[in-house]
Structure formats: C-alpha cells, structure tokens
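One structure below.
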Amino acid sequence: MPAPDLETIVSLAKRRGFVFPSAEIYGGFANAYDYGPLGVELKRNIREAWWRSMVMERDDVVGLDAALITNPQVWVGSGHVANFTDPLVDCKRCQRRFRADHLEEGMYGEVPRDAQGRPLCPFDGGELTEPRQFNMMFRTQVGPVADEANMAYLPPETAQGIFVNFVNVQQTMRRKLPFGIAQTRVSFRNEITPGRFIFRTLEFEQMEMEYFCMPPKDREKPAEYLALHRQWVEERLRWYIDVIGIAPERLRLRDHEKEELSHYSAGTTDIEYLFPWGWGELEGIAARTDFDLRSHAELSGQPLTYFDEESGEHVIPWVIEPAAGLTRTLAVVLLDAYTEEPDEKGEKRIVLKFRPRIAPVKVAVLPLSKNDALRPTARRVYDLLRPLWMTQYDETQSIGRRYRRQDEIGTPCCVTIDFQTVGENGQPGDDCVTIRDRDTQEQVRVPISGLVAALEERIPAARRAGGSACAREIRKRPAVVAGRFACPNGRGQLLRTPARRQASPYSARARTTGSFAARSRGPKCWVRAS
RNA sequence: GCGGAAGUAGCUCAGUGGUAGAGCGCCUCCUUGCCAAGGAGGAGGUCGCGAGUUCGAACCUCGUCUUCCGCUCCA
C-alpha cells in the first residue's frame with residue numbers, strides 16, 4: 001500500500017503512546033518531541049539492532065560513549081565553530097532570505113548592487129538587511145560564571161567524540177587497521193526551520209561509526225578508499241532492508257554533488273527514504289578522508305597517528321563514516337510499518353507490521369473473556385512470559401477489540417486463554433493456549449509447556465541479550481540465489497548485485513579487509529543469529 | 001525567520017455574540033465464548049495562552065505560543 005500521510009502517523013503515535021509533542025501542557029515547544037512508553041521501546045530496539053549489527057556481530061568494530069559537553073576546542077578542530085555559522089540577510093521588500101556568502105560567491109549569478117557596492121536582492125533588487133551571524137551549535141556555560149572562558153557547546157554531531165579518542169581506543173583495544181569505533185547518542189542543532197514531525201528536531205539521536213583504514217597511496221585517486229566507501233554504503237542499505245524491514249522500493253541511494261559536499265568529504269552517499277513529502281535522508285555515508293584526525297592533531301599538537309609495522313611509518317588513517325539518524329529511522333519504521341486492510345465486515349483494520357525484533361510489545365496475553373475461571377491461568381502465562389519479552393495483559397472488553405488494539409501497536413503475537421484451556425462443566429482443561437499471528441490472524445494451539453519455544457519461533461529470544469532474529473526469520477533467509485542476494489522478507493531482489501570479492505585494496509592488511517568483505521557480502525551474515 | 005492557514009474532550013471535528021456539543025476512544029458494572037457486538041453508568045474541555053471591545057466572547061480586535069502548507073535554511 002502507499003505510504004500513509006504524516007498526520008495519520010502523528011495521530012497514531014500520540015493516540016497509542018509512541019510520540020507526544022513535548023511539554024504539551026505548556027503549549028508545546030517547537031521541534032521537540034517526547035517519546036512515550038511504546039516509543040522508548042521502539043527506539044531502544046532500533047538502537048540495539050544497530051549496535052548488534054555494527055558492534056556485537058562484527059570483530060572489527062568497538063563501542064564508545066564520549067561526553068556530550070567537552071572542551072570547546074573540539075568544535076574548533078572539527079571546523080564547526082568556523083563553518084557551522086551562516087551569515088543571513090533578508091530582502092526588506094520580498095522577505096526572501098539568503099546567505100550573504102552565497103550572494104558574494106555568485107550562487108545567484110550577477111547580483112544587483114547599490115551605490116556603495118553592497119548586494120541587493122537578486123529577485124527584485126530590494127534592500128537587504130545587515131548580515132546576522134547564525135551558528136547552529138547550542139552554547140552553554142560550565143560553572144557559575146557566565147563568561148567566554150567557561151563557554152561550552154552542545155554537540156551538533158556524534159563523530160568528534162570518536163576522533164578525539166582515536167588513539168585511546170586503538171591502543172587500549174590493540175587494534176590494527178582497518179577497524180571502526182561506534183557510538184550512539186544525542187546531538188543538538190539550533191535549526192531555524194521547523195521539522196516534519198520527528199524528521200528534524202532540536203535534539204536527535206544518531207548512530208555513527210567511524211571506520212579507520214590505511215591511507216591511499218595516491219591522495220588524488222583513492223580508488224581503494226572509494227571502493228571501501230561503496231562497500232559500506234551497500235552494507236548499510238542492506239541493514240535497513242534486512243534487519244529493520246524497510247520496503248526496498250521506498251529506499252534509494254543518492255550520491256552528493258560536488259558542490260553539496262561537506263568541507264571534509266571526498267564523497268558522500270545518502271540513503272534516502274520516500275517520505276510522504278518526498279525523498280529524505282536517513283543516513284549519510286561520508287568519505288571523510290583524514291580531515292578530522294589531521295585537523296585535531298594540528299590544533300591539539302598531539303599526534304593522532306597509527307604505526308604501520310609493514311612500512312615502518314606513522315600514518316594518519318582515512319575514515320569512512322556511516323552516520324544514521326536513530327529518531328529518523330524510528331519515523332521511517334512507523335511510516336513503513338503502517339498498513340490498513342479491510343476486515344471481513346469491511347471495517348478498516350490498522351496494523352503496524354513491525355519486524356518482531358523491532359516491535360515495542362512482543363506478546364499480549366488475553367483471556368477470552370473477563371471470567372474468573374480464566375484469570376488464574378492467564379496470569380500464570382503472563383508471569384511466565386513477562387521476564388522474557390515485553391508483554392501486555394488485557395482482559396477488558398471483547399477479544400476482537402483487544403486484537404485490534406494489539407494490531408495497532410504492532411504486537412506480533414497474542415496468546416489467548418480460553419475455556420478449553422482451563423476446562424469447564426467438570427471436564428479437565430487441556431492446558432493449551434492459542435497463539436494468534438498479527439499479520440495472518442491465524443491461530444495455532446500449543447501446550448503452555450511448549451509456549452516459550454513456540455513463541456521463540458516467531459520472536460527473537462529475549463534471553464539471548466536482545467536477540468537478533470527469530471527462528472522462523474532465519475529459516476526464511478535465502479542465502480544467495482544465482483549469485484545474487486535475494487531479499488529475505490520476500491520483497492524481491494536487492495537494489496545492487498554484490499560485486500565479486502575483489503583483491504584487497506589494502507594489501508598489507510589483506511586478511512582483515514577480507515574478513516570485512518566476507519562478512520558483509522558472504523552468506524554468513526544471513527545465518528549469523530542462529 | 002518570512003507568507004498563508006489552523007488551534008474546541010485522548011483522536012477526528014461541528015458549533016458566527018446569549019446554558020460546552022457529536023462520533024470514535026477511555027473507565028466501571030452487566031452481558032459477551034475468537035477478530036473493533038449490545039445495555040447502563042462515568043471520567044475528561046476555564047474552547048492554546050494573555051489582553052482588549054461588549055451587559056455578555058469559543059465566536060470580534062490585538063499580541064503571543066504551537067501546528068500544518070509554501071519559501072528560506074539544512075556539515
């Protein structure tokens with residue numbers, strides 16, 4: 001079905017406790033949202049799925065959690081103090097807004113000018129306001145005295161905490177290139193533009209990884225480096241399709257144009273999603289070269305280098321950065337999971353078809369009716385499941401209504417206790433319950449003693465540290481079909497054919513790089529979770 | 001930040017100067033034995049907030065906050 005419009009999702013998100021406008025009792029606050037009981041679970045599940053794919057299941061990436069408020073020099077070294085500032089001018093006549101530097105750089109062609117040579121509005125020649133400096137970093141101060149010496153920034157991105165810790169991590173973890181450092185945390189940007197729901201907010205959570213590799217032999221033609229960038233682009237695209245379950249037809253890759261590239265980047269590819277308002281960025285995979293390490297080394301005076309045994313030289317690693325938006329992914333997951341289908345009576349059934357591992361609530365325990373005979377057994381089943389999965393118990397109103405409630409929050413399995421379970425009219429119960437599937441609405445009857453095993457078929461096992469995939473999902477995964485990956489969720493072929501494994505671009509580190517390739521491309525990654 | 005539109009119950013909305021409303025949802029009781037059944041009852045709104053006009057304002061005026069659309073911006 002086509003993607004729902006944004007209002008449908010915003011309304012559902014609030015009605016069911018996923019996302020609330022922030023501080024609603026005080027009239028709200030622009031570009032800020034609060035995550036409700038289901039939203040926090042959904043967010044946590046996405047974050048954990050990322051961490052699992054990026055850190056736990058890999059042997060070449062380690063984690064980090066750096067301070068948010070830190071030495072402001074970090075943001076000088078990163079270039080944000082200088083480059084995150086836009087001089088803005090407005091046309092007094094038509095109210096259009098421009099960046100003063102864009103006018104001077106000829107982005108609008110030859111700009112009309114007044115007698116003093118100052119630029120005028122390129123559209124109607126109106127007078128422009130004086131430029132106002134606008135830095136998108138939030139400032140605060142540390143300690144009781146509010147002066148410039150105590151000034152600090154809230155981080156506008158996640159990457160810098162990783163760069164400043166490069167040597168610490170590399171040495172304590174005894175890492176050889178290539179390796180990565182991953183981090184998920186909140187970032188802050190003083191956006192002047194209202195966002196669309198949680199697509200653009202003042203604070204947002206990012207999931208970033210910096211992948212450090214040997215510098216190319218030829219800075220100008222870093223073919224191997226760009227090939228590694230391409231590998232990561234494909235790896236990350238597959239994550240959205242295979243792990244999170246986003247429809248491939250609503251995902252695309254977009255390479256940044258030269259003019260669009262950031263000050264540090266040798267190339268950036270965005271993974272975009274088809275939002276209700278058009279394509280929008282979900283994740284950017286940037287080839288950051290050695291910009292950050294070099295810049296921090298120069299400013300701090302500390303060498304941020306890696307000693308290459310083979311050549312006997314200290315080198316500054318080059319970096320690939322897959323930077324994903326966690327809160328954006330959450331918006332996409334809600335949009336993409338939303339389905340409406342007619343039921344038998346022609347009524348609308350709203351279902352959030354989350355992947356089981358992403359679903360905020362995994363199981364609902366529902367006695368067939370609110371009857372004292374059913375309750376003790378139902379509570380016993382609830383107590384059995386609660387330590388294993390996020391579980392809800394509901395006995396109010398009709399069973400059909402409760403199924404619909406669970407459909408609307410995307411609960412994959414409902415466990416129903418009926419009179420056959422507990423027995424009636426003097427007949428003994430069979431101690432069996434039914435499991436009702438969210439998507440097919442089919443039911444199977446299983447003994448309570450086998451309930452956990454039966455649910456593990458459908459839901460990733462909570463006992464295994466969050467679980468990666470459920471048994472049924474793993475069985476569904478075709479490895480490689482005729483040399484091409486097929487999509488495990490049955491939605492067709494992936495967008496790209498995996499290239500033949502090529503000779504390692506980093507001959508000195510062939511083994512490590514090879515393991516990257518095999519892991520990301522080979523069939524192993526499909527069956528890993530079993 | 002500019003222009004336009006909007007803000008009334010949890011959600012969707014009606015209500016054009018004179019008693020605050022509907023449907024759905026939610027809660028309780030009864031009923032109900034597998035996909036949003038039915039009955040009875042109930043909670044919940046100083047109509048975004050503040051000021052003004054008026055005998056009287058959800059309604060008119062101004063300000064303000066928030067949201068949406070369009071610009072603009074987006075390392």
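As the structure is a computational prediction, the values presented were derived from the model and not from experiment. Each chain gets a letter, A, B and so on, in the order its sequence line appears, and its residues count up from 1.
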Between the protein and nucleotides 8-10 of chain B, list every N/O to N/O distance that falls short of 3.5 Å.
unit_1, atom_1, unit_2, atom_2, d
B/rG10, O3', A/Lys14, NZ, 3.4

Spacing between A/Ile350 atom CD1 and B/rG25 atom P, to the nearest angstrom: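 That distance rounds to 12 Å.
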Rounded to the nearest Å, what distance is computed from the CG atom of residue A/Asp418 to the C1' atom of nucleotide B/rC35?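 Taking atom C1' of B/rC35 as the reference, CG of A/Asp418 is at 14 Å.
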Need one value for A/Thr416: base, sugar-phosphate or nothing, where a base atom within 4.0 Å counts as base even if backbone is also close, heavy atoms only.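 Counting heavy atoms under 4.0 Å across all strands, the contact made by A/Thr416 includes a base.
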Please report the distance separating the [atom1] of [N] from the corresponding atom of [M], rounded so that it comes out in whole Å.
| N | M | atom1 | answer |
| --- | --- | --- | --- |
| B/rA22 | B/rG44 | C1' | 15 Å |
| B/rG48 | B/rC68 | C1' | 15 Å |
| B/rC49 | B/rA6 | C1' | 16 Å |
| B/rG15 | B/rG70 | P | 27 Å |

Once each nucleotide of nucleotides 26-32 of chain B is scored for protein heavy atoms under 4.0 Å, what B/S/- sequence comes out, 5' to 3'? SS-S--B
Check this for me: does the side-chain of A/Asp407 come within 3.5 Å of the base of B/rC35 through a donor and an acceptor?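 It does not, because no donor-acceptor pair links the side chain of A/Asp407 to the base of B/rC35 below 3.5 Å.
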Is any N or O donor-acceptor pair between the side chain of A/Arg436 and the base of B/rC35 shorter than 3.5 Å?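 Answer yes: a donor N or O sits under 3.5 Å from an acceptor.
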Pi stacking test for A/Tyr403 and B/rA36: under 5.5 Å apart, planes under 30°: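 No, aromatic ring not over the base.
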